[in-house]
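Worksheet for the structure shown next.
Here is how names work: the chains are called A, B, and so on, in the same order as the sequence lines, proteins then strands, and each is numbered from 1.
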There are 2 protein chains.
Amino acid sequence: MSDGVPRNGSLFGSSAKGSADLAGHPLVQRLEQLAPLTFEERRALVDAVSVEKEFPRGSEIVKQGSEPTVSCFLLDGFAGQNTYLSGGREQITAIRIPGDFVDLHSFLLAGMDHSIVALSDCRVGLVPHTNLKAITDDHPHLTRVLWLITLIDGAIHRAWVAAIGRRTAEQHLAHLVCELYVRLSRAGLVEGSAFTLPMTQSDMANALGLSSVHVNRVTMELRRNGLISWRHRVMEIPDFEKLADFADFDPTYLNLEGKRLR
Amino acid sequence: MSDGVPRNGSLFGSSAKGSADLAGHPLVQRLEQLAPLTFEERRALVDAVSVEKEFPRGSEIVKQGSEPTVSCFLLDGFAGQNTYLSGGREQITAIRIPGDFVDLHSFLLAGMDHSIVALSDCRVGLVPHTNLKAITDDHPHLTRVLWLITLIDGAIHRAWVAAIGRRTAEQHLAHLVCELYVRLSRAGLVEGSAFTLPMTQSDMANALGLSSVHVNRVTMELRRNGLISWRHRVMEIPDFEKLADFADFDPTYLNLEGKRLR
DNA sequence: CGAGGTCTTGAAGACGATCAACAAACGTGG
DNA sequence: CCACGTTTGTTGATCGTCTTCAAGACCTCG
């Protein structure tokens, strides 16, 4: 955790709130997309958030090698899970969007194997690990839903390994755009067929394991073929089916279907 | 779950066992490398295993697209998490060794986004999801350890994304060998500086996202430089430090350190 | 209006894929 | 134990994708 601006006064920070509000909390909304929660579970979840913090674009929200005692929930903005290698090489291993529990895994993992970097200005809710510990002691169902969140992260990683290993650069970019489109849809952040994508082509290159020059060329090729239009931080997808088809995109791994967890 | 030979009579299958035995169960051993367990927790874990099954090399232990009601624990042999794409392309996203809880994630995930394929003859213990459900209802600490196992899997996936995206083929192969060396050491499967690796160069190619021809060339280059000798299913590492250095291998992600979870 | 970041384009070269052929190892049955 | 077929490993030649380096155009924001 580095140079963010501490902030209090979250709309949902206090325990003295009515029950109606709880369903509107971004954390509750996200988890209830996976499984319904009881009032007590919502309460426990909302109360687990301690403070909010803001991070300017480019800043490190969590540092590789550190051992955090809180986990971050992304309220606003895009962030990247960034692994730094020797020789200045870096690789983004996941893109985090509003509503994502960015580093829930740091609750149990010993040390951070990657950084969390703000890809745009970010607003983050902090959840102390002690609170997560309490939740796992008292709320088995809620624990399973939290666990599930990290399992979906794992599935996304697998999809990335397959994409980077066996798809062409063009297909890979298309696949990532499909993934973001579906996830942002779920988060209510797609308007029509377009969404705001604050990442630069160079950020994208770090996510795809390519050079920024090649991302540029591949982007232009996809534009030429009418699969995407990506300009001025706006990604537009004229025909999602066509793009998904080209990318060989199968959304199974995003776990949209759900499963009875209670 | 396909054509395996069902088998009963596990040494630890019955509930009527003495307490001393439990610590020797491979499942217990694996979890206790991460955190100590109470007697009740060991009991619950061992009792969760229903039957054992065997799978010949090349067979599918779990099928992509299926919705398993049991999870598999690998007692013996090597298995690969294999993602199949269109056009016959395939990518291994993780290598499973004896002691690994191969598809624990299928407990909560809706459908399998990948297959589990036997890379050698395998012996597997089956754990019904209903039993895992019971564990998560009654044993918070044990639940956290199981969760942690899947989080380490996620960390391995991240390391693979970084390796495949930003390392040269030579470094990548070296990195994978380092990973296997460390994990097999923990499982007590390294003798001296060598271990049995039942995978073919072609399997390795599927894990590295390369062609088998190139894996062969890279292997020979590493041999020429004295970093590995890999022949007849035996991988030998004359100087692990040297190999780790070359591969830019940092074992943090394997979570060897541990953390207080109780 | 100017400066720094981002995008675009070109040219050259490295890395890895593909195709093809052969050698070595393995396993299976006679 | 050997013969034979199959799988796995090895090598060469050629091709394509993506990288690197370099320079210029375009934005955006102070």
Side-chain angles (χ1 to χ4, degrees), chain A residues 56-59 78 80 85 87-91 117-121 163-176 196-224 228-236, chain B residues 56-59 78 80 85 87-92 117-121 163-177 196-224 228-236:
Chain A
R57 190 179 101 113
S59 63
F78 280 55
L85 306 176
R89 292 171 298 180
E90 62 180 282
Q91 173 74 46
V117 177
L119 296 171
S120 70
D121 292 346
I164 206 168
R166 292 299 187 207
R167 270 179 250 260
T168 64
E170 229 174 309
Q171 277 189 310
H172 188 184
L173 175 54
H175 194 271
L176 180 51
T196 301
L197 185 65
M199 300 171 66
T200 63
Q201 291 188 354
S202 168
D203 291 331
M204 213 51 144
N206 280 334
L208 298 169
L210 298 170
S211 69
S212 57
V213 170
H214 201 58
V215 167
N216 181 266
R217 296 198 162 113
V218 163
T219 299
M220 289 190 304
E221 186 59 27
L222 290 179
R223 282 205 275 249
R224 225 170 286 129
I228 64 172
S229 98
W230 175 24
R231 279 187 191 288
H232 314 300
R233 307 286 116 100
V234 174
M235 178 73 75
E236 217 214 315
Chain B
R57 190 178 100 113
S59 63
F78 280 55
L85 306 177
R89 292 170 298 179
E90 62 180 282
Q91 173 73 46
I92 294 178
V117 177
L119 296 171
S120 69
D121 291 346
I164 204 169
R166 293 298 188 209
R167 270 179 250 260
T168 64
E170 228 175 312
Q171 277 190 310
H172 188 184
L173 175 54
H175 194 270
L176 179 51
V177 173
T196 301
L197 185 65
M199 301 170 67
T200 64
Q201 291 187 355
S202 168
D203 291 331
M204 213 52 142
N206 280 334
L208 297 169
L210 297 170
S211 69
S212 58
V213 171
H214 200 59
V215 166
N216 182 268
R217 296 199 160 111
V218 163
T219 299
M220 290 190 303
E221 185 58 27
L222 290 178
R223 283 205 275 247
R224 225 169 286 131
I228 62 172
S229 98
W230 176 24
R231 277 186 194 287
H232 313 302
R233 308 285 119 99
V234 174
M235 178 73 74
E236 216 214 316

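Nucleotide C/dG5 holds its P atom 14 Å from the CG atom of A/Asp203, rounded to whole Å. The CG atom of A/Leu173 sits 12 Å away from the P atom of D/dC18 (whole-angstrom rounding). Taking atom CH2 on A/Trp230 and atom C1' on D/dC26, their separation rounds to 16 Å, with Å as the unit. Look at CZ on B/Arg231: it is 11 Å from P on D/dG9, rounded to the nearest Å. Separating the NE2 atom of A/His172 from the P atom of D/dC18 is a distance of 11 Å, rounded to the nearest angstrom. The distance between atom CD of B/Gln201 and atom C1' of D/dT11, rounded to the nearest whole Å, is 12 Å. Protein atom CZ of B/Arg166 is 16 Å distant from nucleotide atom P of C/dC15, rounded to whole Å. At whole-Å resolution of the value, CD1 in A/Ile164 and C1' in D/dT17 are 15 Å apart.
Side-chain N or O atoms of A/Glu90 include none that pairs as donor or acceptor with a backbone N or O of A/Leu85 at under 3.5 Å. The backbone N or O of A/Arg57 lies less than 3.5 Å from a partner atom in the side chain of A/Asp121, making a donor-acceptor pair. Within the 3.5 Å criterion, the main-chain N or O of B/Gln201 finds no donor-acceptor partner in the side chain of B/Ser212. Put simply, the side chain of A/Glu236 never gets that close to the backbone of A/Trp230: no donor and acceptor are under 3.5 Å apart. A donor-acceptor pair under 3.5 Å is formed between the side chain of A/Arg89 and the backbone N or O of B/Arg166.
Between B/Asp203 and B/Thr200, the side chains place a donor N or O and an acceptor N or O closer than 3.5 Å (distance only, hydrogens not considered).
Distances were taken from every side-chain heavy atom of B/Thr200 (C-beta onward) to each of C/dA25, C/dC7, D/dT8; the shortest belongs to D/dT8. For A/Ala169, counting side-chain heavy atoms from C-beta on, the closest listed nucleotide (D/dC18, C/dT6, D/dT8) is D/dC18.
For the pair A/Met204 and A/Leu173, the minimum side-chain heavy-atom distance is below 4.5 Å.
An OP1 or OP2 oxygen of C/dA17 is reached within less than 4.0 angstrom by no side-chain nitrogen or oxygen of B/Arg89. Note on A/Arg57: a side-chain N or O is less than 4.0 Å away from OP1 or OP2 of C/dT6. Put simply, A/Arg233 has a side-chain N or O that comes within less than 4.0 Å of OP1 or OP2 on C/dC7. For the OP1/OP2 pair of C/dT6 and a distance below 4.0 Å, the side-chain nitrogens and oxygens of A/His232 include no atom meeting the criterion.
Using a 4.0 Å cut-off on heavy atoms, the residues of residues 208-223 of chain B that approach DNA chain D are B/Val213, B/Asn216, B/Arg217, B/Met220, B/Arg223, listed by number.
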